[in-house]
Visitor: 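Mind looking over this structure? Questions follow.
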Amino acid sequence: MRIAAVAESEGGGRLRELGEQASGRDGALWRVGDLAGAVADHEALGRRSGEPVRWVFADTSQIYPALLSRGVRLSRCHDSTLVEALLMGYAGRFGEAHTLGAAWARLHGREAPPDPVPQSAEGRAPQPTLFEPDRSTLPSGADALDALVEVYADQRRRMAELDHPGRFALLAAVESAGALGAAEMAHDGVPWRADVHDAVLTEQLGPRPTAGARPPVLADLAARISEAFGRTVNPDSPVQLMRAFEAVGHPVPSTRSWVLQRVDHPAVPLLLRYKELARLHSAHGWSWLDTWVSGGRFRTDYIVGGVVSGRWATRGGGALQVPKVVRRAVVADPGWTLVCADAGQLEPRILAAVSGDSALAAAAGSDDLYARLAGSFGGDRQRAKIALLAAMYGQTSGDAAALLPRLRQAYPRAVDHVDAAAREGEQGHLVRSWLGRTCPPPMWGGDDPDEGAPAGPSDRAARERGRFTRNFVVQATAAEWALVLMAAVRRGLTDLDTAAGRPQLVFFQHDELVLHVPRTLAEAAVQTLRAAADEAAALMFGDTPVRFPLDIAVVDRYSDA
DNA sequence: ATTCGCTGCCAC
DNA sequence: AAACGTGGCAGCGAAT
């Protein structure tokens, strides 16, 4: 059953049941004073009847947080904004406006209004009890529910006309399910022990300084660095550092760590230590803690589809760059545990599956794909790994390039697959992931032959785009595999017993999931993850020899995973 | 005082 | 060893 829902003022809203053809306004219509309550009722009803509701929303990120704060959890939806972005991208119009208002305007031959600029997570109520203000950009005359129903029907029609409608439907479903998961993770937050984090900082940097001042350890290092140079130098300033190195007879082209490592001067070890600690202090220090952690939880906003490849971005708190040392602060609540799962060697396995290279697929049937490749590289697993990564990233220099001929010899179809994607990119064409996510057109306007005398790309620009499209076909497919996994995990978790507390998905990072579950459910959660990984592989690739093993750790602290 | 490009480093 | 894909973010320093 499908139900379209829109929020209205005072927590009310309207629902429209959509028929199987989902084309019109023929289904039941409800106007409700309590949208959250009505949605919860229909969700429960659908679940009991064995026919779970697929909710049709204009924008999950606007409507779902307020539902969550009322305790409502949903299993499936269709997010018209996310799907519109995917469809526009497929049509070679990546990045065009994709809110409900924009989709509706295009459907009616009007000019699409630009998408509103997103607001930051910082300073916003963490648990909104009211629905977010409408950002759908519909003109005032249009009825939001009618527009949503109309756009949804149109999107279904457009999806049915694509080359692989089944695959794209899966993409639309998991992208939308991702939006549900993203809102749930923002709502639940990552368990975060501020006291542990503070102890890590104090151990590394010394006691917390007054606002704006350098922590003791950094201040001491800065003083000794100046002493070593015989002049006052701000180690945070690359310009001053370059000048200082020049003055002592060691000119450097940059102040990157790996450059400095090869300079023989007493300031260097101090500087390397300073850079490491300064990074910790500025990126994940006390002010980060004050800003992003409250009530024992770290919350960030996930941006579904925020990266061209379909990986998620985050806004706020640098959630996808939490350094290893800081992960000590991610500690399960008493009586609970973390279940951390990451897909090992995901991208080469994806390449094996999408390229149809039987030799690589056979290697990807084992737990260590690289080890199985080693035979082609004199038994050297590390060189095999470098070669395969170089093929996927388009590396052309260094040792890796020399290994490529051997890789090509052993796995010709796999190498052909990424080479072909690179050629398409260089020529300005579009490439797509397995499920149909499409890369942006080239900056130089490639696929548009009717433009008179378009400025051709520079060789460098063409090669850069070739590396991008080469990587896109792999990275974007890996990202959607992870989305399918997440959708399956969400579904599996709802089947677990909740007497001891509801198991939660609390963190998602490209190819890695972290669950926070009652200790008694740890083993069940592991089984849920394993089943979900099998399901993801089957849904995307059917019967394939390629395996997608998860490395799973049940731990109290994330740093132990 | 604010904005913006650049540098550099973190994650996958 | 240091040109190899996707990002976020802090601090600097110059421009506005």
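Every chain is numbered from 1, with letters handed out A, B, ... down the list of sequences. Keep in mind that the numbers below use all heavy atoms, side chains included, and drop hydrogens, waters and symmetry copies.
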Visitor: Within the structure shown, what part of the strands sits under 4.0 Å from Asp342(A) by heavy-atom distance: base, sugar-phosphate, or nothing?
Guide: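 The answer is nothing, as Asp342(A) stays clear of every strand by at least 4.0 Å.
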Visitor: Among the candidates dC12(B), dA11(B), dG13(C), find the nucleotide nearest to the side-chain atoms of Val239(A).
Guide: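 The answer is dG13(C), which lies nearest to the side chain.
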Visitor: Heavy atoms under 4.0 Å, any strand shown: does Arg327(A) hit a base, just sugar-phosphate, or nothing?
Guide: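 The residue Arg327(A) makes sugar-phosphate contact but no base contact.
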Visitor: Ignoring hydrogens and angles, tell me if any N or O in the side chain of Arg437(A) forms a donor-acceptor pair with the backbone of Leu86(A) under 3.5 Å.
Guide: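 No.
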Visitor: Once you apply a heavy-atom cut-off of 4.0 Å, does Arg463(A) come out as touching a base, just sugar-phosphate, or nothing?
Guide: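 Touches nothing.
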Visitor: Ignoring the backbone of Arg262(A), work out which of dC12(B), dC10(B), dA2(C) is nearest its side chain.
Guide: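 Among dC12(B), dC10(B), dA2(C), the one nearest the side chain of Arg262(A) is dA2(C).
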Visitor: When you get a sec, tell me which of dG8(B), dG7(C), dG5(C) is the closest nucleotide to the side chain of Lys275(A)?
Guide: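 Between dG8(B), dG7(C), dG5(C), the one nearest the side chain of Lys275(A) would be dG8(B).
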Visitor: Counting only side-chain nitrogens and oxygens, does Lys324(A) get under 4.0 Å of the OP1 or OP2 atom of dC10(B)?
Guide: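 False: Lys324(A) side-chain N/O out of range (4.0 Å or more) of dC10(B) OP1/OP2.
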Visitor: Does the dC4(C) base have a donor-acceptor partner in the side chain of Arg467(A) within less than 3.5 Å?
Guide: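 Between dC4(C) and Arg467(A), which were checked side chain against base, a qualifying N/O pair under 3.5 Å is absent.
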Visitor: Can you label the angle between the His197(A) ring and the Trp288(A) ring as parallel, tilted or perpendicular, going by 30° and 60°?
Guide: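 The arrangement is tilted - the two ring planes meet at 30° to 60°.
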Visitor: Taking everything shown except Arg413(A) itself, do over 12 heavy atoms lie less than 6.0 Å from its CZ?
Guide: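 No - once you tally the heavy atoms of other residues, nucleotides and ligands closer than 6.0 Å, there are 12 at most.
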Visitor: Before accepting this row, confirm whether a basic side-chain N of the pair Arg328(A)/Glu203(A) lies closer than 4.0 Å to the acidic partner's carboxylate O.
Guide: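 The answer is yes: the pair qualifies as a salt bridge.
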Visitor: By the 4.0 Å heavy-atom rule, please label Arg256(A) as base, sugar-phosphate, or nothing.
Guide: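 Since only primed, P, OP1 and OP2 atoms lie under 4.0 Å of Arg256(A), the category is sugar-phosphate.
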Visitor: Does dG5(C) have OP1 or OP2 under 4.0 Å away from a side-chain N or O of Ser309(A)?
Guide: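 The answer is no; no side-chain N or O of Ser309(A) sits under 4.0 Å from OP1 or OP2.
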Visitor: Give one of base, sugar-phosphate or nothing for Gly306(A), where a contact means two heavy atoms less than 4.0 Å apart.
Guide: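 Nothing, no nucleic acid heavy atom in range.
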Visitor: So Val474(A), base contact, sugar-phosphate only, or nothing? Heavy-atom distance under 4.0 Å.
Guide: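 Val474(A): no heavy atom of the nucleic acid under 4.0 Å.
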Visitor: Taking only side-chain nitrogens and oxygens of Asn471(A), does any of them come within less than 4.0 Å of OP1 or OP2 of dC4(C)?
Guide: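 Indeed not, no polar side-chain atom of Asn471(A) lies that close.
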Visitor: When we call it a touch if two heavy atoms are under 4.0 Å apart, what does Val322(A) touch: a base, just sugar-phosphate, or nothing?
Guide: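 Here Val322(A) touches the backbone only, sparing every base.
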Visitor: Quick one: label Gln475(A) by what it contacts on the DNA or RNA (base, sugar-phosphate, nothing), any heavy atom closer than 4.0 Å.
Guide: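 Counting heavy atoms under 4.0 Å across all strands, the contact made by Gln475(A) includes a base.
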Visitor: Give one of base, sugar-phosphate or nothing for Ser237(A), where a contact means two heavy atoms less than 4.0 Å apart.
Guide: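 Since only primed, P, OP1 and OP2 atoms lie under 4.0 Å of Ser237(A), the category is sugar-phosphate.
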Visitor: Per the atom types in the model, does the base of dC12(B) pair as donor or acceptor with the side chain of Arg311(A) at under 3.5 Å?
Guide: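 Donor-acceptor pair under 3.5 Å: yes.
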Visitor: Give the nucleotide from the list dG8(B), dC4(C), dC9(B) with an atom nearest to the side chain of Ser257(A).
Guide: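 Closest nucleotide to the Ser257(A) side chain: dC9(B).
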Visitor: Look at the side-chain N and O atoms of Thr396(A) and state whether any lies under 4.0 Å from the OP1 or OP2 oxygen of dC4(C).
Guide: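 Answer is yes, contact under 4.0 Å.
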Visitor: Should Asp368(A) and Arg381(A) count as an ion pair when the cut-off is N to O under 4.0 Å?
Guide: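 Salt bridge flag = yes for Arg381(A) with Asp368(A).
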